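Accompanying notes for the structure given below.
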Amino acid sequence: AEVQIVSATALDDRQRERLAGALRTRLRRDVRLHCTVDPALVGGAVVRSGDLLIDGSLKGKLERLETELTG
């Protein structure tokens with residue numbers, strides 16, 4: 001599976017391996033990571049593979065909190 005990872009800072013080899021292992025378990029197939037950096041995320045990462053989207057970024061969490069508070 002092709003997996004796009006956008007993180008706030010560059011991932012080191014250990015982080016990539018842990019992330020790839022977790023995604024292999026969740027997707028139940030081999031994964032190929034494509035990593036990019038976006039400092040605007042402030043912290044965390046966004047993971048995309050096909051129609052799966054996992055937003056673990058600080059920016060995403062703040063946006064969800066804002067929606068809940070103003071909602």
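Owing to the predicted nature of the structure, the values given are computational and were not obtained by experimental measurement.
Minimum interatomic distance between Ala45 and Ile5 (heavy atoms only, all atoms of both residues): CB-CG2, 4.4 Å. Here the closest heavy-atom approach between residue Ala1 and residue Leu27 is recorded as CB-CD1, 4.1 Å. In this structure, Lys59 and Ala40 approach most closely via the heavy-atom pair CD-O, 3.5 Å.
To the nearest 0.5 Å, the span separating CG on Leu52 from CZ on Arg26 amounts to 5.0 Å. Expressed to the nearest 0.5 Å, how far NE2 of His34 lies from CZ of Arg48 amounts to 14.0 Å.
A donor-acceptor pair under 3.5 Å links the side-chain atoms of Ser49 to the main chain of Glu2, judged by distance alone. Side chain of Gln15 to backbone of Asp12: a donor-acceptor contact under 3.5 angstrom is found.
Between Leu23 and Leu33 there is a side-chain heavy-atom pair separated by less than 4.5 Å. Put simply, the side chain of Leu19 does not reach to within 4.5 Å of the side chain of Val3, judged on heavy atoms.
A salt bridge links Asp55 with Arg64: the distance from a Lys NZ or Arg NE/NH1/NH2 to an Asp or Glu carboxylate oxygen falls below 4.0 Å.
Leu41 is not connected to Ile54 by any chain of hydrophobic side-chain contacts under 4.5 Å among Ile, Leu, Val, Met, Phe, Trp and Tyr, and they are in different clusters. Transitive grouping of hydrophobic side chains (ILVMFWY, heavy atoms separated by less than 4.5 Å) keeps Val37 and Leu58 in distinct clusters. No chain of hydrophobic side-chain contacts below 4.5 Å, direct or via other Ile, Leu, Val, Met, Phe, Trp or Tyr residues, connects Val47 to Leu53.
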> Does the side chain to side chain contact (heavy atoms under 4.5 Å, CB included) test come out yes or no for Val46 and Asp38, once each step is laid out?
Replying inline: CA-CA 10 Å; Val46 176; Asp38 181 0; over 6 Å; no
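Residues forming a salt bridge (Lys or Arg N to Asp or Glu O under 4.0 Å) with Arg16 (at least two apart in sequence, or on another chain): none.
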